[in-house]
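Report on the following structure.
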Amino acid sequence: MNKRVNFEDNIFILKVRIRMLEDLVRLEADPEIYLGKTLDDLAFIDAILSSLLDALLKNGKLIERDEQFHNLEETEEQLDTLLYNILNGSGSVSAARFPAIQEKIRAFQRLSADRKGFIRDARGQGEEAGALVVSSDELSELLKDF
């Protein structure tokens, strides 16, 4: 089954979810209610970012591929900021209050760093491969009436 992935909408939704978690980390939310859900949300975001990156890496002919790599990279940066704030912040949902979550947060940071490396590599290859936008045969066909 050939499934079309709507990268822009999916990335937008992830960014909104990350912003929601950023707000939660800044507020004095009840950790008994939100700590577990926050970790679940981080796992969800991590899984979706991995899935989107995989789909983008496999779809070498996507017209806006480089733009989507850029959007993914921005989302990874936003996630990195959130993870840093959870590790180093003093909010009610933070590693300062719950040292047991430090390793989970660091694992999410490592996975994010790995994805960013893949994104940078893919963008670099795309720039090299994209240098010739129109093949000589296509150019000949386009110019045959002139």
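For clarity, every value in this text was computed on a predicted model and none was experimentally measured.
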Test side chain to side chain donor-acceptor pair (under 3.5 Å) applied to Gln109 - qualifying residues, sequence neighbours left out: none
Apply side chain to side chain donor-acceptor pair (under 3.5 Å) to Asn85 and list each qualifying residue two or more places apart in sequence or on a separate chain. none
Would you call Leu82 and Leu42 a side-chain contact if the rule is heavy atoms closer than 4.5 Å? yes
Under 4.5 Å between side-chain heavy atoms, hopping through other hydrophobics if needed: is there a path connecting Phe12 to Ile48? no
Side chain to side chain contact (heavy atoms under 4.5 Å, CB included) partners for Ala55, two or more places apart: Val5, Phe7
Would Glu73 and Arg123 pass as an ion pair if we require N to O under 4.0 Å? yes
Atom CG in Leu83, atom NZ in Lys104: separation rounded to 0.5 Å? 13.5 Å
Could you walk me through whether Asn71 and Glu67 satisfy the side chain to side chain contact (heavy atoms under 4.5 Å, CB included) test, starting with their C-alpha distance in whole Å, then the side-chain angles of each, then the deciding distance to 0.1 Å, before giving a yes or no? CA-CA 6 Å; Asn71 290 338; Glu67 180 181 341; 4.1 Å; yes
For Phe98, the side chain to side chain contact (heavy atoms under 4.5 Å, CB included) test, sequence neighbours excluded, returns Pro31, Leu35, Ile101
Looking at residues at least two apart in the chain, or sitting in another chain, which of them share a side chain to side chain donor-acceptor pair (under 3.5 Å) with Asp41? Arg17, Lys37
Name all residues meeting the side chain to side chain contact (heavy atoms under 4.5 Å, CB included) criterion together with Asp9; count only those two or more places apart in sequence or in a different chain, and write none if there are none. Asn6
I'd like to know if the side chain of Arg115 reaches the main chain of Leu53, judged simply by a donor and an acceptor atom lying under 3.5 Å from each other, with no hydrogens or angles considered. no
Residues in side chain to side chain contact (heavy atoms under 4.5 Å, CB included) contact with Lys15, at least two apart in sequence or another chain: Ile11, Arg19, Glu74, Thr75, Gln78
Please round to the nearest 0.5 Å and tell me the distance separating atom CG of Asn59 and atom CD of Gln68. 10.5 Å
Do you know which of Ile86, Ile45, Val16 makes side-chain contact (heavy atoms from CB on, under 4.5 Å) with Leu21? Ile45
How long is the straight-line distance from CD of Glu76 back to CG of Leu49, given to the nearest 0.5 Å? 4.5 Å
Value rounded to 0.5 Å, distance of CG in Leu57 from CG in Leu72: 9.0 Å
Quick test of your reading: applying side chain to side chain donor-acceptor pair (under 3.5 Å), list the pairs with at least one residue in residues 27-36, sequence neighbours left out, ordered by first then second residue. none
Would you list the pairs meeting side chain to side chain donor-acceptor pair (under 3.5 Å) in which at least one residue belongs to residues 90-100, sequence neighbours left out? none
Can you get from Ile105 to Phe44 by hopping between Ile, Leu, Val, Met, Phe, Trp and Tyr side chains that sit under 4.5 Å apart? yes
Filter on salt bridge (Lys or Arg N to Asp or Glu O under 4.0 Å), then keep only pairs touching residues 48-58, sequence neighbours left out; what's left? Asp54-Lys58
Salt bridge (Lys or Arg N to Asp or Glu O under 4.0 Å) pairs touching residues 79-91, sequence neighbours excluded, are Asp80-Lys116
Could you work out, with side chain to side chain donor-acceptor pair (under 3.5 Å) as the rule, every residue matching Ser51, not counting sequence neighbours? none
